[in-house]
Amino acid sequence: MNIRRIWTLIKTEILHGSKDVTLIMAVVVPVLLALFANLAFGNIFTDRGKLGIYDAGNSQLPVVIGTTESIIVKHYETEIDLKKAAGNGAVDMGIVLPADFDTTLAAGTVKLTAYIWGESLAKNRAIIPVALADAMRELTGAEVPVNIETVALGDESNLPWSSRLLPLTVLLAVFFGGLMIPASSLIHEKQKRTLEALNVTPATIGDIFWAKGIIGAFLAFIMALITLTISRGFGNAPLALLLVLALGAVMAAEVGLLAGAFIRDMNTLFATWKFGGLLLFGPALVFMFPQIPAWVGYIFPTFYLVKPVMDISVNGLGFGAVAVNTAILAAIVLLIGIFILNIARRLGTQALRLNS
Amino acid sequence: MSTRIIKALLKKDLKLFISDRFYSILTMVGLVFYIGMYFIMPATTDEKLNLAMYAPVMPAAFAQLTASDGAAVELFDTEEALKQSVEAGGYQAGVALPADILDIWEAGGQPTIRVYHNAAAPPEVSDAIITLVKELSYAQTGQVLTYETEEEILGTDLLGSPIPLRDRMRPLLAVFILLTETLSLASLIAIEIEQGTARAILTTPMRVMDLFLAKGILGVGLAMGQAVLFMALVGGFSQQPDAMLLTLFVGSLMVVGIGFLLASLTRDVMAVTGWGVLIMILLVIPGIGNIIPGLLSDWAKVIPSYYLTDTVSRITNYGAGIGDVWLNLVILAGFTVVVFGAGMLALRRRYL
């Protein structure tokens, strides 16, 4: 393995490599699916009311109301910006807090200017003033006259569909780019016989595998990050999530290299993808349909990618809770890696036979 | 210009389009998909909070909630029935008041109010209900907050008649249908160039202008035909049909112009697909702004399709007429002239 040669191969692949439908699909499909899942089932397009605040002074109200989960609070630097935001629907309601808001609130009646977006829903127009009043009461130190007990009804594991689709979205993002890019790139090289040309240079099959694998893994990692950003699924342990995604991206690239090494043409690759897709995306079905026994998921290698992702981004768990599954994922990655290194070494002496 | 030659070319291109399985299937499946997607999306908007309430004794402040614009409150006879309804998903949340609530308040105590919510409901729902219950309790116990708001409604006040999500998506879907034809037209031209038939047919009495005219008519016909069919099926002509037809026509001309330009910049059909999809993504961005109001900044106005989606949105969702959207149409037409001219010029210089 020669790092300089690998870097040269990576640059060549990025600048002059095949940029066909596979690349576009790898980038577009996961983003579209993530957008669709959130569009149809809720995260981005939450019904939560949005309150805009322009604070002419230095009131504590924005801090207090910022802690509520019932509405989204946005801050604006000028009243003009606030009015514009309320005009185009960026917020449902925009309020202007006068410079002496806190002192006036403590002393008597305060007057607020409120800009309301004409298309704001009735429930948001009802909830936002209530949340505002609640925050003002907290500022004045009013004592809550009731105890409120909240009771969740139904199966707590009954996740909303936007969360149930998250595993599929993440797997598609990781595997479409991570698997298809190295695989299709290797197949193109074989079909165009450029692999034979490379064989007369000092670059080894191992270097070529490394270069294509790094590109695939990098793309898979980036696409996974994008889909998770769209789904707002970073949870409470983003670093652990990044580690899991990185391992998943490497696994996808490894599977892609294996596919590229053994598959002869693009048609066969797509046919394999159709069948192999079931093996890769099987765990997504387990999360989508809770009726499927949970143990089924453990059969699939990709389960050890999806489970930690779900635990961190949906269930809000930390690294400790996902450590075992992450370790299994790392072990799988290592095993496939060793297998690929063996193949690369074996093919290194007979690279031309890749075309046969 | 020869009508006979243009007709013959149109016939040939139409046959070519139908025989190209990728684009003809993409067109058909796409159209069905867009129409299906429209009808799958919610036709109504949950404008009110859907609440269940069990109140053996109804405090005056809580009674006011039943008359509120922002909440639809259903009263239940038993707490158990309320729980079952909330669990079944019939209500976003349920509020159960204790029978002795007024007595406890009178004695200076704090009654316990139960808020039930479905486990699968988003957390903001229960949080909103808790805030609401607290505020009603303050009001009931005489702790009135003294603040006044001077309200100004910006834009059309749609209280009571909100625009459903699927109608917000309608402009995006219509524009998507139009944009797909950019790919079809560009690939038709790319095939002609790749196979050398464009040069071959120019040795016949046909002139270059006839070639572009035939391609243009086919492109506009395919794009507009599908967009009109889609809009007709999803109720896009329910308001200002003349304005909508004009907009779709200008939009179709624009996508044909982009198709010419795309074909002139690419080497083969594969490159048309690659670059075409990237251009499509860029042109689709303004449509997303219709679905998520306030998402886009002013920079989105640089993207020409903004004027198409904005016009379609204003006509279908707000009943705007030609008088309201003429500036958008002028900008769109101006861009179309530029892109059409540039595409024709580039194609002519490069290949013909």
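In what follows, chains carry the letters A, B, and so on, assigned in the order in which the sequence lines appear, proteins first and then strands, with residues in each chain numbered from 1.
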Handout entry: Toward chain A, the part of B/Ile163 with a non-hydrogen atom under 4.5 Å
Key = side chain
Exercise for the section: Just grab all the salt bridge (charged side-chain N to carboxylate O under 4.0 Å, His left out) pairs involving residues 92-116 of chain B, residues at least two apart or on different chains. Expected result: A/Glu149-B/Arg114, B/Glu79-B/Arg114
Handout entry: Basic-acidic side-chain contact under 4.0 Å: A/Glu138, B/Lys134
Key = no
Problem - Atom group of A/Thr104 that falls short of 4.5 Å from chain B, counting heavy atoms - result: neither
Handout entry: Region of A/Lys84 that comes under 4.5 Å of a non-hydrogen atom in chain B
Key = side chain
Practice task
Might you work through the side chain to side chain contact (heavy atoms under 4.5 Å, CB included) test for B/Thr112 and A/Ile148, ending with a clear yes or no?
Solution key: CA-CA 6 Å; B/Thr112 299; A/Ile148 298 170; over 6 Å; no
Exercise for the section: Answer with side chain, backbone, both or neither: which region of A/Ala126 has an atom nearer than 4.5 Å to a non-hydrogen atom of chain B? Expected result: side chain
Practice task
Might you work through the side chain to side chain contact (heavy atoms under 4.5 Å, CB included) test for A/Arg125 and B/Ile153, ending with a clear yes or no?
Solution key: CA-CA 11 Å; A/Arg125 295 191 200 190; B/Ile153 307 281; 3.8 Å; yes
Practice task
Examine whether an atom of A/Ala133 lies under 4.5 Å from a heavy atom of chain B, and if so say whether it belongs to the side chain, the backbone or both; otherwise answer neither.
Solution key: both
Problem - A/Ile127 versus chain B, the contacting section by heavy-atom distance below 4.5 Å - result: side chain
Exercise for the section: Under 4.5 Å heavy-atom distance to chain A, tell me which part of B/Arg166 shows up: side chain, backbone, both or neither. Expected result: neither
Handout entry: Any B/Glu150 side-chain heavy atom under 4.5 Å of A/Tyr115 side chain
Key = no
Handout entry: Check: B/Glu152 and A/Ile116 side chains under 4.5 Å, non-hydrogen atoms
Key = no
Problem - Nearest heavy atoms of B/Thr131 and A/Ser70, plus distance in Å - result: OG1-OG, 4.0 Å
Problem - Gap separating the CD atom of A/Glu119 from the CG atom of B/Leu154, nearest 0.5 angstrom - result: 11.5 Å
